[in-house]
Amino acid sequence: MITKFQKRVYELCKKVPKGRVTTYKAIAKKMGTKAYRAVGNALNKNPFGILNCSGKNAVPCHRVVAINGKLHGFARGLRKKAELLKKEGIKIKNNKIEDFDKVLFELR
DNA sequence: GCTTTGACTCTCG
DNA sequence: TCGAGAGCCAAAG
């Protein structure tokens with residue numbers, strides 16, 4: 001079941017280019033809401049699959065991180081996501097983004 | 001329709 | 001610097 005809210009979240013996630021990341025807050029703000037948790041909740045229940053971010057119809061949810069550039073919690077695939085991010089050119093240090101300021105992509 | 005939960009964030013100690 | 005508590009919104013039970 002994909003609600004409009006979730007769909008919007010996914011759309012925004014897709015806008016994040018490769019090698020860049022965004023935050024839950026940025027997404028929520030772009031939607032004109034403060035539902036940071038709801039954003040994460042939407043991704044949590046995402047129909048594309050937690051690690052199915054490689055598909056064309058999938059959402060690069062691994063590019064969405066916490067406000068402080070840390071991967072915070074995510075799911076069991078956290079480790080893999082970190083690796084994936086690293087592969088995209090994002091440096092990850094102890095589940096945290098090193099050059100967060102540089103890779104941070106502000107939604108437009 | 002109310003209560004619980006959650007991949008969050010902020011503030012206080 | 002780290003940990004705990006509160007606030008926030010949407011979806012699921």
Side-chain angles (χ1 to χ4, degrees):
Chain A
M1 174 62 182
I2 304 178
T3 65
K4 288 191 176 181
F5 179 83
Q6 293 176 338
K7 192 172 181 181
R8 215 167 293 262
V9 174
Y10 304 145
E11 289 295 317
L12 288 173
C13 288
K14 287 181 183 176
K15 284 184 182 176
V16 180
K18 182 181 173 188
R20 292 284 182 273
V21 297
T22 188
T23 65
Y24 296 97
K25 181 167 186 172
I27 296 175
K29 189 175 183 182
K30 222 57 213 162
M31 296 195 306
T33 179
K34 288 150 273 177
Y36 319 120
R37 308 187 92 185
V39 174
N41 204 10
L43 290 173
N44 178 29
K45 305 183 178 92
N46 91 68
F48 305 101
I50 183 86
L51 289 179
N52 194 17
C53 308
S54 306
K56 55 168 73 170
N57 284 356
V59 179
C61 37
H62 58 279
R63 291 183 194 152
V64 184
V65 298
I67 190 66
N68 59 348
K70 201 168 186 266
L71 270 56
H72 226 266
F74 280 137
R76 295 158 270 156
L78 174 65
R79 174 65 201 185
K80 290 189 175 181
K81 286 188 180 181
E83 292 293 317
L84 191 56
L85 286 170
K86 262 205 277 193
K87 239 205 272 196
E88 292 187 355
I90 302 175
K91 299 181 180 70
I92 304 296
K93 192 80 171 186
N94 196 14
N95 288 344
K96 182 176 155 286
I97 298 177
E98 287 258 311
D99 302 321
F100 181 58
D101 299 357
K102 298 176 186 176
V103 297
L104 177 60
F105 176 81
E106 297 206 37
L107 298 165
R108 202 179 309 198

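Naming convention: chains lettered A, B, ... in sequence-line order (proteins, then strands); numbering from 1 in each chain. Only heavy atoms go into these numbers, but all of them, side chains included; no hydrogens, no water, no symmetry mates.
Residue Asn44(A) has its side chain nearest to dA7(B) when only dA12(C), dA7(B), dC10(B) are considered. The Thr23(A) side chain lies nearest to dT9(B) when the options are dC9(C), dA7(B), dT9(B). Here the side chain of Tyr36(A) is nearest to one of dT9(B), dA7(B), dA11(C), namely dT9(B). For Lys25(A), the side-chain atoms get nearest to dC10(B) when compared with the rest of dA7(B), dC9(C), dC10(B). In the set dA7(B), dG6(B), dA11(C), the nucleotide with an atom closest to the side chain of Ala38(A) is dG6(B).
Of the possible donor and acceptor atoms, none in the side chain of Arg8(A) sits under 3.5 Å from a partner among the backbone N and O of Met31(A). Put simply, the side chain of Tyr36(A) never gets that close to the backbone of Thr23(A): no donor and acceptor are under 3.5 Å apart. Side chain of Asn94(A) to main chain of Lys96(A): no donor-acceptor pair is present (N/O by atom type, distance under 3.5 Å, no hydrogens or angles).
When rounded to the nearest whole Å, the span between CD1 of Ile27(A) and C1' of dA7(B) equals 11 Å. The interatomic distance linking Lys29(A) (NZ) with dT9(B) (P) rounds to 13 Å, in whole Å. Nucleotide dA12(C) holds its P atom 13 Å from the CG atom of Leu43(A), rounded to whole Å. Residue Lys34(A) contributes atom NZ, which lies 9 Å from atom C1' of dC9(C) at whole-angstrom precision. The distance from atom CG of Asn68(A) to atom C1' of dC8(B) is 10 Å, rounded to the nearest whole Å. Between Lys4(A) atom NZ and dC9(C) atom C1' there is a gap of 18 Å when expressed in whole angstrom units. The NZ atom of Lys30(A) sits 19 Å away from the C1' atom of dC9(C) (whole-angstrom rounding). Atom-to-atom, CZ of Arg37(A) to C1' of dC10(B) comes out at 12 Å; the value is rounded to the nearest Å.
For Val39(A) and Ile67(A), each mapped to the nucleotide of DNA chain B holding its nearest heavy atom, the one lying further toward the 5' end belongs to Val39(A).
Looking only at side-chain heavy atoms (C-beta outward), Ile97(A) and Ile92(A) come within less than 4.5 Å of each other.
Listed pair Thr33(A) / dC9(C) fails the phosphate criterion, with no side-chain N or O lying under 4.0 Å from OP1 or OP2.
On a pure distance criterion of 3.5 Å, a polar donor-acceptor pair joins the side chain of Lys81(A) and the base of dA7(B).
Base contact: Tyr24(A) has a heavy atom under 4.0 Å from a base atom.
Of the charged side-chain nitrogens involved, at least one lies within less than 4.0 Å of a carboxylate oxygen, so that Glu83(A) and Lys86(A) count as a salt-bridged pair.
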